[in-house]
Amino acid sequence: MFYRIYKELLKKYCVHYRESVFRLGGLKNFGIKAKTATEKMANYRLSRSIIPQSYNLFLYPNLATGKYNGKIEIKVNVLERVNEIKIHSKGLTITKATLDDKKVNIEEDPTHECLVLSFEKESPIEKGSKVINVEYSGSMVNKIVGIYKSTYVDDKGRTRSIATTKFEPTYARQAFPCFDEPNMKATYTFHVLKPRSDPSYIALSNMPVESEEEVEDGILVNFKESVKMSTYLASIIVCDFNYTETTFGSENKPLRVYATPAQIGKTEFAKWVAKGVIEYFTDYFNIPYPLPKLDMIAIPDFVSGAMEHWGLVTYRETALLYDNTTSSTINKQRVATVVAHELTHSWFGNLVTTDWWNDLWLNEGFASYIEYKGVNAVLPEWQMLTQFLIMDLHPVLSTDAKLSSHPIIQTVNTPDEITAIFDSISYNKGASVLRMLEDTVGQEKFRKGITNFLNAHKWGTAVSQDLWNQLQEIVGDSLNITSFMDSWTVQMGYPIVTVKVKDDNYILTQKRFLTDPDAVSDTSSPYGYKWSIPITYITSEESAPKRVWFNHTNENITIPIPSGATWVKFNYNQVGYYRINYNRDLWDSLTRNFNSLTVADQTHLLEESFSIAEANLLDYSIPLNLTKQLQSETEYIPWTVASKKLRMLKTYLTDSLQYSKFLEYAVDIVTPAYRKLTWNESSSDTHLEKRARATILSLACAMGHTGCLAEAKKRFQEWLANSTEVNLSQDLKSTIYNYGIESATAEEWEKMFQIFANELDAGEKLRLMSGLASIKETWLLKKLLVLAEDETYVRSQDYFTLLSYISSNSVGTALVWDYVRENWEALANRFTLNNRYLGTLIPSITNTFSTTTKLNEMRTFFEQHPNAGAGARYRTQALETVQNNIKWLERNKETVEKWLGNYQKTQS
């Protein structure tokens with residue numbers, strides 16, 4: 001009762017009561033008892049009474065056995081008398097521990113991944129500086145986080161081993177005992193053993209090498225003491241890689257890119273991008289790059305896309321290596337964006353770190369937005385600031401339109417909860433609301449506010465409010481930053497703004513947008529699911545956008561219609577994180593004037609109209625009519641939206657009597673662009689033209705365009721007959737593989753599998769894998785599933801990608817669903833429930849399910865395996881998606897079929 005009364009008082013008298021709510025158990029569930037939340041945090045969080053100052057780590061990895069030994073000295077400051085010291089440790093065998101050279105009792109707490117150190121006879125530990133020494137051992141095999149062993153096959157066919165690390169978010173404790181929380185920053189001095197027998201081996205870490213010395217088991221590499229940083233940013237690697245080198249900035253700091261010797265030629269593009277963006281960021285933030293060197297390295301086995309270990313940034317090979325002759329345009333763009341993202345972290349995340357994982361978005365949202373500025377600075381012709389819509393904004397609008405979403409600022413405590421928050425809300429939504437904030441306050445004020453924030457908190461940590469405070473000082477009284485941004489960060493979801501015409505005015509109202517408009521949330525919100533919205537708009541008479549405020553306290557707003565205006569377009573260039581719905585006349589006027597709009601606004605209208613129609617808030621004839629406008633369009637960005645939406649409709653209509661009419665319509669829409677772009681490439685093709693061609697040709701084949709399918713099969717057969725001599729287009733390989741193999745024989749599939757098995761390039765291996773998964777023979781897909789269990793063929797990092805590829809094949813969906821259910825225990829043992837990619841596997845497999853039978857199968861499976869680990873929310877999302885699919889068929893199938901029945905073909 002007290003909690004309920006207190007909550008209501010907070011709502012009534014304090015708009016910004018977020019921190020109070022978090023202290024009482026979090027915004028996720030206001031009903032949680034304060035005591036329960038406090039106890040939960042106490043169990044998983046370390047005491048603030050012991051603060052680490054420095055680490056001195058000796059690490060001795062054995063590449064042959066996959067084992068390692070370590071000893072660590074941690075200097076700490078004890079702020080008050082305590083009876084014990086709790087320190088993180090997981091999977092380590094502790095052989096000895098002392099405090100100030102006195103032996104201590106060691107109690108392991110595996111549930112909370114901790115060691116508890118105490119003196120005998122419960123003697124207290126007094127205030128002051130102390131030194132903890134721990135000796136331990138561990139294993140690097142059968143894992144892909146912490147410190148682990150990775151292998152690759154060199155150009156002579158030899159298997160080579162390396163030791164490498166991945167510590168974010170809670171995996172440093174798997175490499176050495178530590179205070180593994182982001183706000184417990186300290187300095188690090190690493191000493192790492194490398195083999196003596198093979199001089200090609202080197203050791204790398206965050207800082208430059210200080211010295212090397214001969215020791216009994218090899219060569220000990222001593223590194224300089226690091227700057228103050230969080231445990232998750234530390235990194236240690238022992239490998240036999242080569243590097244290319246350049247310098248950057250006025251100080252000519254060294255920039256090296258490392259890769260396996262055979263692939264060193266593929267590092268040039270990443271090196272060029274890194275130099276350009278790091279110099280841009282130095283100027284943009286007006287703060288020098290903080291470390292004495294920058295290394296980037298491509299790791300053969302890496303669980304994430306990349307990781308911003310400070311001064312030694314680690315990447316998957318596909319995210320760092322690029323070659324003009326073997327890589328596609330999409331590979332090139334991925335390398336550029338990932339490099340820019342990770343280097344942004346040198347300031348946002350590394351120099352200033354989120355105080356706790358609740359504010360992870362401060363790290364990842366900023367990096368996810370600023371990366372676009374970085375790439376745009378060095379490659380403006382790529383139109384990255386417009387590509388933001390299709391890369392970041394549109395995917396998260398879909399996720400955030402479900403009840404299973406969560407606020408940007410989310411209370412987390414356990415390792416599984418922390419891992420799960422590394423999702424599209426923290427990354428994409430964080431980036432999207434920052435983009436909206438920048439547009440609202442102005443680019444220069446936004447940039448200056450960021451710089452002031454970084455300077456105010458450098459070498460330390462921060463929370464969201466710290467950023468709002470710095471921006472508030474810049475904008476003054478013109479806008480309440482906290483009130484504005486809290487409505488977007490402390491409640492999940494976003495609004496749909498409905499525009500109606502009354503007399504000579506536009507009347508705007510807002511409500512929460514949900515893909516299922518009848519869904520009822522059981523989670524309350526401090527703002528009642530209302531938002532403070534910076535509304536922008538243009539009209540036929542006013543090309544410069546105007547801005548009006550729609551505060552969360554307003555029931556509606558009124559905007560006078562400009563004299564002579566024949567159309568209005570709200571949310572100019574889709575900078576705002578909200579949807580707009582119009583009446584029929586306004587939609588029709590926008591459709592007629594589609595070609596008068598910017599590419600961003602065209603893209604916005606396509607995505608918006610389909611998404612609102614999916615939610616049963618708009619007649620489907622409007623988005624379908626809009627697609628007709630694409631018959632004179634070859635721009636990559638709007639076609640990306642159209643491709644996604646048409647493929648989705650294809651899935652929904654597979655069992656429809658109008659399915660053939662849908663394919664006829666889709667082919668009709670795509671044919672003009674197909675004819676303009678053709679299969680013939682030119683050396684003068686721009687980056688976006690190459691991406692447009694790949695998108696259009698793939699879509700045409702997917703929709704059954706006979707000429708496209710025939711050409712794909714012809715090129716596939718020519719390549720398969722002589723794969724070493726026939727050079728397929730890198731940008732069109734995926735289309736050729738995926739559609740050329742559909743009707744292939746078993747012998748042809750086996751031949752392609754052998755090519756896949758022998759391929760060393762990581763990007764090409766993924767393309768071949770996708771092709772193999774596209775065969776329409778179920779027994780061959782079953783064989784692929786069995787073969788994939790052997791890491792000789794499919795690395796652990798790519799395993800879930802393969803399952804996703806097979807499940808996206810219409811004949812493979814049920815196959816993978818059955819396989820995963822039957823092998824769930826084995827998958828959980830292999831990857832652990834803390835692996836968020838195991839969690840995202842379920843929604844990936846089930847996203848096309850549309851029957852109550854499948855929905856019940858999912859529920860039964862979840863009941864049989866109730867511990868979801870980091871995948872708990874993804875299960876909820878998966879169920880919600882299938883429920884929405886079922887409702888789509890109930891609400892929209894007949895309407896779409898009717899429109900298709902009246903559609904008149906326009907292409908001969």
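Every heavy atom of this structure was used, including side-chain atoms; hydrogens, water molecules and symmetry mates were not. Since we're looking at a predicted model, the values are computed, not measured.
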Side-chain donor/acceptor of [X] to backbone N/O of [Y], under 3.5 Å:
{"X": "W361", "Y": "N428", "result": "no"}
{"X": "W357", "Y": "V412", "result": "no"}
{"X": "K530", "Y": "Q510", "result": "yes"}
{"X": "K293", "Y": "G311", "result": "yes"}

Checklist entry - Step by step, would you call W549 with F484 a ring pair (Phe, Tyr, Trp, His ring centres under 6.0 Å)? => result CA-CA 10 Å; W549 275 98; F484 167 34; 5.0 Å; yes
Taking atom [atom1] of [X] and atom [atom2] of [Y], what is their separation to the nearest 0.5 Å?
{"X": "D295", "Y": "L255", "atom1": "CG", "atom2": "CG", "answer": "8.0 Å"}
{"X": "K332", "Y": "H687", "atom1": "NZ", "atom2": "NE2", "answer": "7.5 Å"}
{"X": "D601", "Y": "L389", "atom1": "CG", "atom2": "CG", "answer": "9.0 Å"}
{"X": "L454", "Y": "L467", "atom1": "CG", "atom2": "CG", "answer": "9.0 Å"}
{"X": "T353", "Y": "L360", "atom1": "OG1", "atom2": "CG", "answer": "11.5 Å"}
{"X": "I421", "Y": "E364", "atom1": "CD1", "atom2": "CD", "answer": "11.0 Å"}

Item to check | Residue pair H604, N571: steps toward the side-chain contact (heavy atoms from CB on, under 4.5 Å) verdict | outcome: CA-CA 9 Å; H604 175 206; N571 197 1; 3.7 Å; yes
Side chains of [X] and [Y], heavy atoms from C-beta outward: is any pair under 4.5 Å?
{"X": "L471", "Y": "N452", "result": "no"}
{"X": "V568", "Y": "L586", "result": "yes"}
{"X": "M485", "Y": "S532", "result": "no"}
{"X": "F281", "Y": "V277", "result": "yes"}
{"X": "P169", "Y": "F422", "result": "yes"}
{"X": "Y578", "Y": "I496", "result": "no"}

Next on the checklist: What I want to check is whether the side chains of E473 and N469 have a donor and an acceptor closer together than 3.5 Å.
Outcome noted: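 The answer is no; no qualifying pair exists.
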Next on the checklist: Pairing donors with acceptors under 3.5 angstrom, does anything connect the side chains of K185 and T231?
Outcome noted: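 On atom types as modelled, these side chains do not qualify, holding no pair under 3.5 Å.
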Next on the checklist: Below 30° counts as parallel, above 60° as perpendicular, anything between as tilted: where do the rings of Y582 and F570 land?
Outcome noted: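 Plane angle between 30° and 60°, so tilted.
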Item to check | Plane angle bin for F446 and Y369 - parallel if under 30°, tilted between 30 and 60°, otherwise perpendicular | outcome: perpendicular
Just checking [X]: does its [atom1] atom have more than 12 heavy atoms from other residues, nucleotides or ligands closer to it than 6.0 angstrom?
{"X": "K228", "atom1": "NZ", "answer": "no"}
{"X": "K448", "atom1": "NZ", "answer": "no"}
{"X": "I330", "atom1": "CD1", "answer": "no"}

Which pair of heavy atoms, one from [X] and one from [Y], lies closest together, and at what distance?
{"X": "M492", "Y": "P407", "answer": "CB-N, 3.7 Å"}
{"X": "S346", "Y": "W310", "answer": "O-CZ2, 3.7 Å"}
{"X": "W459", "Y": "P290", "answer": "CH2-CB, 3.9 Å"}
{"X": "M296", "Y": "A274", "answer": "CE-CB, 3.5 Å"}
{"X": "S405", "Y": "I425", "answer": "OG-CD1, 3.4 Å"}
{"X": "S235", "Y": "T314", "answer": "OG-CG2, 4.4 Å"}

Checklist entry - Do the two ring centres, one from W531 and one from H552, sit under 6.0 Å apart? => result no
Item to check | Centroid separation F388 to Y372 less than 6.0 Å | outcome: yes
Checklist entry - Under the ring-ring contact (aromatic ring centres under 6.0 Å, His included) test, which residues partner F513, sequence neighbours left out? => result Y494
Checklist entry - Who are the ring-ring contact (aromatic ring centres under 6.0 Å, His included) partners of F348, not counting sequence neighbours? => result F366, F453
Checklist entry - With N183, which residues qualify under side-chain contact (heavy atoms from CB on, under 4.5 Å), at least two apart? => result R45, R48, E181, D355, T461
Checklist entry - Cation over ring, R512 on Y529, under 6.0 Å and within 45°? => result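 Yes, R512 sits over the ring of Y529.
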Next on the checklist: Both conditions, 6.0 Å and 45 degrees, for the charged tip of K500 above the ring of Y506: are they met here?
Outcome noted: no
Checklist entry - Is the closest basic N to carboxylate O distance between E438 and R435 below 4.0 Å? => result no
Checklist entry - Taking it one step at a time, do Y874 and D423 satisfy side-chain contact (heavy atoms from CB on, under 4.5 Å)? => result CA-CA 10 Å; Y874 296 116; D423 64 2; 3.5 Å; yes
Item to check | Qualifying salt bridge (charged side-chain N to carboxylate O under 4.0 Å, His left out) pairs, either residue in residues 374-400, two or more places apart | outcome: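 Sorted pair list: D400-K429.
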Checklist entry - Should D359 and S464 be marked as a side-chain hydrogen bond (donor to acceptor under 3.5 Å, both in side chains) after you check the CA-CA gap, both sets of side-chain angles, and the distance that decides it? => result CA-CA 7 Å; D359 282 289; S464 299; 2.4 Å; yes
Item to check | Residue pairs involving residues 276-289 (criterion side-chain hydrogen bond (donor to acceptor under 3.5 Å, both in side chains); sequence neighbours excluded) | outcome: K275-E279
Next on the checklist: Using side-chain hydrogen bond (donor to acceptor under 3.5 Å, both in side chains), reason through Q602 and E635 one step at a time and then give a plain yes or no.
Outcome noted: CA-CA 10 Å; Q602 291 177 349; E635 286 279 356; over 6 Å; no
Checklist entry - side-chain contact (heavy atoms from CB on, under 4.5 Å) between N573 and T598: does it pass, once the steps are laid out? => result CA-CA 7 Å; N573 284 343; T598 65; 2.7 Å; yes
Checklist entry - What residues, two or more places apart in sequence or in another chain, satisfy side-chain hydrogen bond (donor to acceptor under 3.5 Å, both in side chains) together with T170? => result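 Per chain and number, T170 pairs via side-chain hydrogen bond (donor to acceptor under 3.5 Å, both in side chains) with no residue.
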Item to check | Partner of H345 by side chain to side chain contact (heavy atoms under 4.5 Å, CB included), out of L233, N363, L351 | outcome: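 In the set L233, N363, L351, the residue that makes a side chain to side chain contact (heavy atoms under 4.5 Å, CB included) with H345 is N363.
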Next on the checklist: Set out, in order, the CA-CA distance, both residues' side-chain angles and the distance that settles side-chain contact (heavy atoms from CB on, under 4.5 Å) for E555 and T509, then state yes or no.
Outcome noted: CA-CA 7 Å; E555 288 297 318; T509 56; over 6 Å; no
Item to check | Criterion side-chain hydrogen bond (donor to acceptor under 3.5 Å, both in side chains) on Q877 and S404, from CA distance to verdict | outcome: CA-CA 5 Å; Q877 289 178 357; S404 52; 4.6 Å; no
Item to check | Residues E607, R579; criterion salt bridge (Lys or Arg N to Asp or Glu O under 4.0 Å); working and verdict | outcome: CA-CA 10 Å; E607 194 278 336; R579 295 203 181 280; 2.8 Å; yes
Next on the checklist: Quick one, H394 with Q574, criterion side-chain hydrogen bond (donor to acceptor under 3.5 Å, both in side chains). Give me CA distance, side-chain angles, the key distance, then yes/no.
Outcome noted: CA-CA 10 Å; H394 293 168; Q574 205 175 4; 2.8 Å; yes
